[in-house]
Amino acid sequence: MKIDLSDKVAVVTGGGGVLGGSIAKSLVENGVKVAILDIVPEALEKRVNELKPLGRVTGICCNVLDMPELEAAREELLTLWNGVDILINAAGGNLPGATLAEDQNVFDMKVEDFNRVTELNLNGTVYPCLVFGKAMAQKGEGSIINLASMACYSAITRVPGYSVAKNGVSIFTQWLAMEMALKFSERIRVNALAPGFFIGNQNRAVLINPDGTYTERSRKILARTPMKRFGDISELNGLVHFLCSEQASFITGAIIPVDGGFSSFSGV
């Protein structure tokens, strides 16, 4: 099965980060015109410079929680490449202040940190869907891919805000898939990935000890993962390509785990 995405136009929010950057690179390498959106100018410039030798890429400094900035980014892209075919919502992640320490409980949680992480992950997905999804609705086709989480399948300790936000992303993905197909076009599909456990900058401290060994939390995760390993961030890319292609023409409203079997394993 050959997946051809050449000349498609993709928007990747949070493209200056590790996950968004990996997806953006894989798309550029496959002939996609990629617009990277990020709020951090230095990260954006670094990513664009990294990817320019590989293909067609542009960078737009943009806050995914600012509708006018998103709308300006959309108009810039419509002028530059005359359309938007793909939206990858990779902006998000957890925040240190919203993660409970092992000796804390929910009543120790700071409400302001809870609000920040839920806004970043939920509204930071909803707003780009509304702005770039409108361009897809006018065109009558497109593919939106959001980032859900293992927290959508069962409760995960210490991350209440992140868990609530990602469950919001999950139901919004299903709702928007319904809305687009019923009211605009069956060729506009909305799906989500639910990544399992990958070691990155945001979670390294809770998964890896200073001496390089696994923490107790890591050992619990691997005990519930049939493949007995953490994922590599690049292992999301194949599914992204598939969902963006005509090969996935009858798939919408799906929340697909990429987790080494974690979500399906009872531990017994």
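We count residues from 1, following the sequence as given. What you are looking at is a predicted structure, and each value in this text was computed from that prediction instead of being measured.
Judged by distance alone, with hydrogens and angles left aside, the side-chain atoms of T252 form a donor-acceptor pair with the main-chain N or O of V190 at under 3.5 Å. Side-chain atoms of Q247 do not come within 3.5 Å of backbone N or O of F242 as any donor-acceptor pair. Of the possible donor and acceptor atoms, one in the side chain of N30 sits under 3.5 Å from a partner among the backbone N and O of S26. Formation of a donor-acceptor pair under 3.5 Å by the Q104 side chain with backbone atoms of A101 is found in this model. At least one donor-acceptor pair under 3.5 Å links the side chain of T13 to the backbone N or O of A91. Side-chain atoms of N49 do not come within 3.5 Å of backbone N or O of K46 as any donor-acceptor pair. A donor-acceptor contact shorter than 3.5 Å is absent between the side chain of T225 and the backbone of G260. Although no hydrogens or angles enter the test, the distance criterion places no donor-acceptor pair under 3.5 Å between the side chain of D38 and the main chain of I60. Not a single donor-acceptor pair under 3.5 Å links the side chain of S22 to the backbone N or O of V18. Within the 3.5 Å criterion, the main-chain N or O of V117 finds a donor-acceptor partner in the side chain of N121.
I199 contributes atom CD1, which lies 5.5 Å from atom CG of L207 (distance to the nearest 0.5 angstrom). Between the CG atom of N203 and the CZ atom of F197 there is a distance of 9.0 Å, given to the nearest 0.5 Å. Summarising the geometry, atom CD1 belonging to I221 is positioned 11.5 Å from atom CG belonging to D259; distances are rounded to the nearest 0.5 Å. In this structure, the separation between CZ on R47 and NZ on K52 is 14.5 Å, given to the nearest 0.5 Å. The CG atom of L27 lies 9.5 Å from the CD atom of E29; values are rounded to the nearest 0.5 Å. One distance of note links CD1 of I145 with CG of L243; it measures 4.5 Å at 0.5 Å rounding.
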#### Entry: Stepwise side chain to side chain contact (heavy atoms under 4.5 Å, CB included) test for S149 and V159
CA-CA 12 Å; S149 165; V159 287; over 6 Å; no

### Message
I'd like to know whether N191 forms a side chain to side chain contact (heavy atoms under 4.5 Å, CB included) with I144, so could you lay out the CA-CA distance, the side-chain angles of the two residues, the decisive distance to 0.1 Å, and finally the verdict.
### Response
CA-CA 6 Å; N191 295 289; I144 296 174; over 6 Å; no

#### Entry: Criterion ring-ring contact (aromatic ring centres under 6.0 Å, His included) on F230 and Y214, from CA distance to verdict
CA-CA 11 Å; F230 290 103; Y214 285 151; 5.4 Å; yes

### Task
Tell me, with the steps shown, if S6 and V32 meet side chain to side chain contact (heavy atoms under 4.5 Å, CB included).
CA-CA 5 Å; S6 56; V32 180; over 6 Å; no

### Task
Under the side chain to side chain donor-acceptor pair (under 3.5 Å) rule, what do T215 and N209 come out as? Steps first, then yes or no, please.
CA-CA 6 Å; T215 63; N209 291 313; 5.4 Å; no

### Message
Checking M150 against S263 for the side chain to side chain contact (heavy atoms under 4.5 Å, CB included) test, could you report, in this order, the C-alpha distance in whole Å, the side-chain angles of both residues, the deciding distance, and whether it holds?
### Response
CA-CA 7 Å; M150 284 296 99; S263 61; 3.9 Å; yes

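I233 and L51 end up in the same hydrophobic cluster when Ile, Leu, Val, Met, Phe, Trp and Tyr side chains are linked at under 4.5 Å. Transitive grouping of hydrophobic side chains (ILVMFWY, heavy atoms separated by less than 4.5 Å) brings I86 and L147 into a common cluster. Linking Ile, Leu, Val, Met, Phe, Trp and Tyr residues whenever their side-chain heavy atoms come within less than 4.5 Å places L130 and L87 in a single cluster. There is no path of hydrophobic side-chain contacts, each under 4.5 Å, that joins V164 to L95. Hydrophobic cluster membership differs between V12 and V64, with clusters built from Ile, Leu, Val, Met, Phe, Trp and Tyr side chains linked at under 4.5 angstrom.
Residues L236 and L193 are in side-chain contact: their nearest non-hydrogen atoms beyond the backbone lie under 4.5 Å apart. Taking 4.5 Å as the limit, some side-chain heavy atom of R217 sits within range of a side-chain heavy atom of T157. No side-chain heavy atom of K166 sits under 4.5 Å from any side-chain heavy atom of I156. Side-chain contact check for T58 versus I36: every heavy-atom pair is 4.5 Å or farther apart.
Taking a cutoff of 4.0 Å between a charged side-chain nitrogen and a carboxylate oxygen, R187 and E246 qualify as a salt bridge. Ion pairing between R229 and E235 holds under the 4.0 Å rule for side-chain N and carboxylate O. Between D7 and R56, at least one side-chain N (NZ, or NE/NH1/NH2) sits under 4.0 Å from a carboxylate O, which counts as a salt bridge. Salt bridge absent: E71 and R74 never bring a charged side-chain N and a carboxylate O closer than 4.0 Å. Here D85 does not pair with K33 in a salt bridge; the nearest charged N to carboxylate O distance is not below 4.0 Å.
C244 approaches I88 most closely through the heavy-atom pair SG-CD1, 4.3 Å. Between C129 and L176, the shortest heavy-atom distance links the atoms CB-CD2, 3.7 Å. Y127 approaches D66 most closely through the heavy-atom pair CD1-N, 4.5 Å. V84 approaches F132 most closely through the heavy-atom pair CG2-CD2, 4.1 Å. Nearest heavy atom pair, residue C62 against residue A73, reads SG-CB, 4.5 Å. The nearest pair of heavy atoms linking P160 to M109 is CG-SD, 3.5 Å.
Counting non-hydrogen atoms of neighbouring residues, nucleotides and ligands closer than 6.0 angstrom, the CD atom of Q174 exceeds 12 such neighbours. For M178, the CE atom is densely surrounded, since the number of other residues' heavy atoms within 6.0 Å is greater than 12. Within 6.0 Å of CD in E102 there are 12 or fewer heavy atoms belonging to other residues, nucleotides or ligands. Within 6.0 Å of the NZ atom in K228, the count of heavy atoms belonging to other residues, nucleotides or ligands exceeds 12. With a 6.0 Å radius and a threshold of 12 heavy atoms from other residues, nucleotides or ligands, N105 has its CG atom above the threshold.
In this model, no donor atom of one side chain and acceptor atom of the other lie less than 3.5 Å apart for S249 and R189. Residues N89 and T125 bring no donor and acceptor atom of their side chains to less than 3.5 Å of each other.
R224 forms a cation-pi arrangement with F262, by the criterion of a distance under 6.0 Å to the ring centre and an angle within 45° of the ring axis.
Contacts classified as ring pair (Phe, Tyr, Trp, His ring centres under 6.0 Å) and involving residues 69-116 (residues at least two apart or in different chains) are not found.
Paired with L37 under the rule side-chain contact (heavy atoms from CB on, under 4.5 Å), one option of L44, V11, N63 passes, and it is V11.
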